[in-house]
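Below is one structure; the comments refer to it alone.
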2 protein chains.
Amino acid sequence: MPSKKQDTLFVASLAKGLTILHAFGQPNPEMSLAEIVRVTGLDKSACQRLTNTLFREGFLLKDPITRRFRPSLKCLEMAAAYAWADPLVRLMMPKLIDLGHALGERVNAARLDGPDIVYIIRIPTQLTSFGGMIVGRRLPALTTSAGRAMISRLAPDARREAIETWPLAANTHATELDRGRIAERIEEAAGAGFAVAVGQNIINEIAVAAPVMARDGTPVAAVQCSVSAPKWTAERVTAELAPQVLDVANSFNFG
Amino acid sequence: MPSKKQDTLFVASLAKGLTILHAFGQPNPEMSLAEIVRVTGLDKSACQRLTNTLFREGFLLKDPITRRFRPSLKCLEMAAAYAWADPLVRLMMPKLIDLGHALGERVNAARLDGPDIVYIIRIPTQLTSFGGMIVGRRLPALTTSAGRAMISRLAPDARREAIETWPLAANTHATELDRGRIAERIEEAAGAGFAVAVGQNIINEIAVAAPVMARDGTPVAAVQCSVSAPKWTAERVTAELAPQVLDVANSFNFG
DNA sequence: TGCGAGTTTATTATATTATGATACTTTGCA
DNA sequence: TGCAAAGTATCATAATATAATAAACTCGCA
């Protein structure tokens, strides 16, 4: 985010303030003023003013002793705002709850947003890791079953571009970072209708995902199910879980 | 939010932009420019510029044909940022999942934020209404079991002030709007250690909630369980559900 | 206990930036 | 077809945010 195009309809202060808000998250759940300056690359004085404004407006909390900031409940409220506005959340939620109970395993829904996926629904089980319970989590699409399931249904050129240019990040020692290999996996998914990924984001996790298609042939979301490796194998997942995940994904007609 | 105090450390544009973002939600999941002007009371040109900025930064989506705006996945991401930063979410999540499975009913956790509560965890069941599944939902504390459970543990003067001044809003024909009556309910909760509310926010809903206390004696959250009225009665809820909810709430030591 | 690096707060003059009135264009409805 | 309402664009003006500087803290370590 270097210098923004000079446009009279663009309010730079707002953009910077949002940059600060958006800097909070996975690697930086809470930050001091100095850290915010480092992470965002913004001017120190600007951070001071913007941070103060975010605090006064109740979007950031400030620990009175450590002086560190963290997102407030007002930020969490934006999740509710999103949920009310996205018709897919409403549509998918009941069936995913059913699926979660039927399978007894963690079930999720994700949407594609640029080169990554964002989880919009999560039905956890007792054995879910904390990161696996969080709605709004963003992961690179190429290294997730949900992402691959959706990419496999993109138009050929869009698919190629995704495979060749979208970012990769290793979350696990087993994360596949070879684009050729990923291309194969996506081909498999295109053929089978669902994607299976082993240990890409959480160790010992096996995930199956199937795309939810809009009437115009675009993938709009994915239904995904995660299980643990010692208990399951990729083969059993393919044989037992994939059909049910596929069924649910296909049951939505959206558009 | 009329004219803000003239402070050199306050960036008005950012505050206005946040006002716009925050205007989205339950009654207005998506809005046109004109609606935003109406709802926020901001100047039309300002809305135009700020909205454009929010759009360009990816916090708002714009339907190309209806020209209406709605919150994007980037907004949902802020919810994830909150979850990473709030230690209570991490602490409570596993036990609430267990409790939800054990009871077979919908279980929630809420925090107090000013005069209302915000749900931070929701474990739904098949029969949950959509509003009952949404994390980040905000409701007036006085008309919820979770709110009453927490208020019942406030210091006497804070409790009195809450009962007398915090806002009330009818969500149901049965919502109690009489502050005297609410004071009684909170007294009961103070004695029993948990609060039971019938049909306050959803028709035919019975809710039990118990406060989670910090070591310093402050209520920091509430564990809550909702069930449906024809299937349950307030008496059975008190006898069968309340003890388990209380147990879980008491099992957290925080602070 | 006291020194000093590293942070957080406070203060200013300056010009960049947001402002809001106005006019123009499109849309949707009768 | 035409009108009203909504969205888009433009622009001079002054208010507003800027970033440099200085003051007041913290906290670790000797």
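We use all heavy atoms of the structure for the numbers below, so side chains are in, but hydrogens, waters and symmetry mates are not. Sequence lines set the chain letters: A, B, ... in the order given, protein chains first and strands last, and positions in each chain run from 1.
- Residues R68(B) and D63(B) are not paired through a salt bridge, judged by the lack of any N-O separation under 4.0 Å between the basic side chain and the carboxylate.
- Within residues 28-52 of chain A, the residues that place at least one heavy atom under 4.0 Å from DNA chain C are, in residue-number order, S32(A), L33(A), A34(A), R38(A), K44(A), Q48(A).
- Checked against the 6.0 Å centroid criterion, the rings of F130(A) and W84(B) qualify as a close aromatic pair.
- One can place CG of L60(A) at 16 Å from C1' of dT8(C), the figure rounded to the nearest angstrom.
- A salt bridge is defined here as a Lys NZ or Arg NE, NH1 or NH2 lying under 4.0 Å from an Asp or Glu carboxylate O, and D86(A) with R111(A) meets this definition.
- Look at K16(B) and you won't find any side-chain N or O under 4.0 angstrom from OP1 or OP2 of dT16(D).
- Rounded to 10 degrees, the angle between the two end axes of the helix from dT1(C)-dA30(D) to dA30(C)-dT1(D) is 50°, with five pairs used at each end.
- Each of L9(A) and R67(A) lies near DNA chain D, and the nucleotide nearest L9(A) is the one positioned closer to the 5' end.
- Between S13(A) and the phosphate of dA18(C), there is a side-chain N or O to OP1/OP2 separation shorter than 4.0 Å.
- Counting heavy atoms from C-beta outward, V220(B) and F252(B) have side chains that stay 4.5 Å or more apart.
- As a whole-Å value, the separation of L14(A) CG from dA17(D) C1' is 14 Å.
- In the model, E35(B) has a side-chain atom that pairs as donor or acceptor with a side-chain atom of S32(B) under 3.5 Å.
- Around atom CD1 of I203(B), no more than 12 heavy atoms belonging to other residues, nucleotides or ligands sit under 6.0 Å away.
- If you measure from atom CG of D63(A) to atom P of dT8(C), you get 12 Å, rounded to the nearest angstrom.
- Counting heavy atoms from C-beta outward, P219(B) and L154(B) have side chains that approach closer than 4.5 Å.
- Under the rule for a side chain to side chain donor-acceptor pair (under 3.5 Å), the partners of R122(A) that lie at least two apart in sequence or sit in another chain are N108(A).
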